[in-house]
Amino acid sequence: MAAGIEMVDAFYPGRDPIDYYGNGGFRFGDMSHQGALMVLPSGTRRWDLPEDGPFSLASFERILTEKDDIEILLIGTGLRLTPLDPKVAGHLRGEGLKLDVMDTGAAVRTLNILLSEDRAVAAVLLPVD
């Protein structure tokens with residue numbers, strides 16, 4: 001019988017700036033992560049994307065659990081800016097979040113600045129190659 005691989009919730013309790021992005025991942029806090037990333041008030045974790053796409057309402061469920069501690073939500077859409085579905089954006093705004101959608105590079109740079117200013121920022125970031 002072959003041993004199965006168990007996926008664990010990759011979680012880093014810090015909110016360190018992102019030192020590097022590219023090659024499908026990110027580096028932060030002396031750690032690295034391959035794949036999409038979520039930076040929340042509670043810490044940094046992998047962003048598990050639902051089958052219906054990275055920018056469906058389901059992909060923001062975790063963010064909404066911490067919405068009271070978030071002033072600005074940065075959304076890094078990969079190499080190019082991809083607008084959110086107006087229904088999804090409207091729902092997130094209706095929950096009290098200020099959205100800023102941009103390519104991942106711009107989102108990383110903005111996140112690092114806002115973290116240095118100790119702002120109530122969160123981010124979801126698609127990786128770039």
Point to revise | Side chain proximity check, R80 to D103, heavy atoms < 4.5 angstrom | key: no

Practice item. Would you name the heavy atoms of Q34 and G25 that are closest together and state the gap between them? Key: OE1-CA, 3.8 Å

Point to revise | Side-chain heavy atoms of F60 within contact of V124, under 4.5 Å | key: yes

Practice item. Determine whether T44 and H33 make a side-chain contact, defined as any pair of heavy atoms from C-beta on separated by less than 4.5 Å. Key: no

Check your understanding: Could you give the distance from CG (D30) to CG (D16), rounded to the nearest 0.5 Å?
Key -> 8.0 Å

Exercise for review: Look only at the side chain of E95 and the backbone of G90, and say whether a donor-acceptor pair between them is shorter than 3.5 Å.
Suggested key: no

Exercise for review: Look up atom CG in D19 and atom CZ in R27, then write down how far apart they are to the nearest 0.5 Å.
Suggested key: 7.5 Å

Point to revise | Interatomic distance, L92 atom CG to I70 atom CD1 [nearest 0.5 angstrom] | key: 10.0 Å

**Study point:** R62 backbone acceptor or donor facing T65 side chain under 3.5 Å
**Key:** yes

**Study point:** Check ion pair D48-R46 (N to O, under 4.0 angstrom)
**Key:** yes

**Study point:** Spacing of CG belonging to L97 relative to CD1 belonging to I72, to within rounding of 0.5 Å
**Key:** 10.5 Å

Check your understanding: Under the 3.5 angstrom rule, does the side chain of W47 hit a backbone N or O of S59 as a donor-acceptor pair?
Key -> yes

Study note, to complete from the structure: One should read off an interatomic distance between L99 CG and I75 CD1, to the nearest 0.5 angstrom, of 5.0 Å

Review point. Which atom names give the shortest non-hydrogen contact between A107 and L74, and what distance separates them?
Key: O-CD1, 3.7 Å

Exercise for review: Calculate, to the nearest 0.5 Å, the distance between atoms CE and CG belonging to M38 and L73 respectively.
Suggested key: 9.5 Å

Review point. Shortest non-hydrogen contact from S56 to V88?
Key: C-CG2, 4.2 Å

Study note, to complete from the structure: All heavy atoms of L81 vs all of M102, minimum pair found to be CD1-CA, 3.2 Å

**Study point:** Sole candidate of K67, E71, E66 that passes side chain to side chain contact (heavy atoms under 4.5 Å, CB included) when paired with P41
**Key:** E66

Check your understanding: When you measure from the side chain of R15 to the backbone N and O of V121, does any donor-acceptor pair fall under 3.5 Å?
Key -> yes

Practice item. Would you indicate whether the side-chain heavy atoms of L40 and I63 approach each other to under 4.5 Å? Key: yes

Point to revise | Closest non-hydrogen atom pair between A36 and L49, with its separation | key: CB-CD1, 4.2 Å

Practice item. Determine whether I113 and L125 fall in the same hydrophobic cluster, where Ile, Leu, Val, Met, Phe, Trp and Tyr are linked whenever their side-chain heavy atoms lie under 4.5 Å apart. Key: no

**Study point:** Considering all heavy atoms, the nearest Y21-F26 contact
**Key:** CB-CD2, 3.6 Å

Review point. Below 4.5 Å, heavy atoms only, C-beta onward: do F28 and V108 meet side chain to side chain?
Key: no

Point to revise | Heavy-atom donor-acceptor pair, N112 side chain to I18 backbone, under 3.5 Å | key: yes

Point to revise | T104 (side chain) donor-acceptor with L126 (main chain) under 3.5 angstrom | key: yes

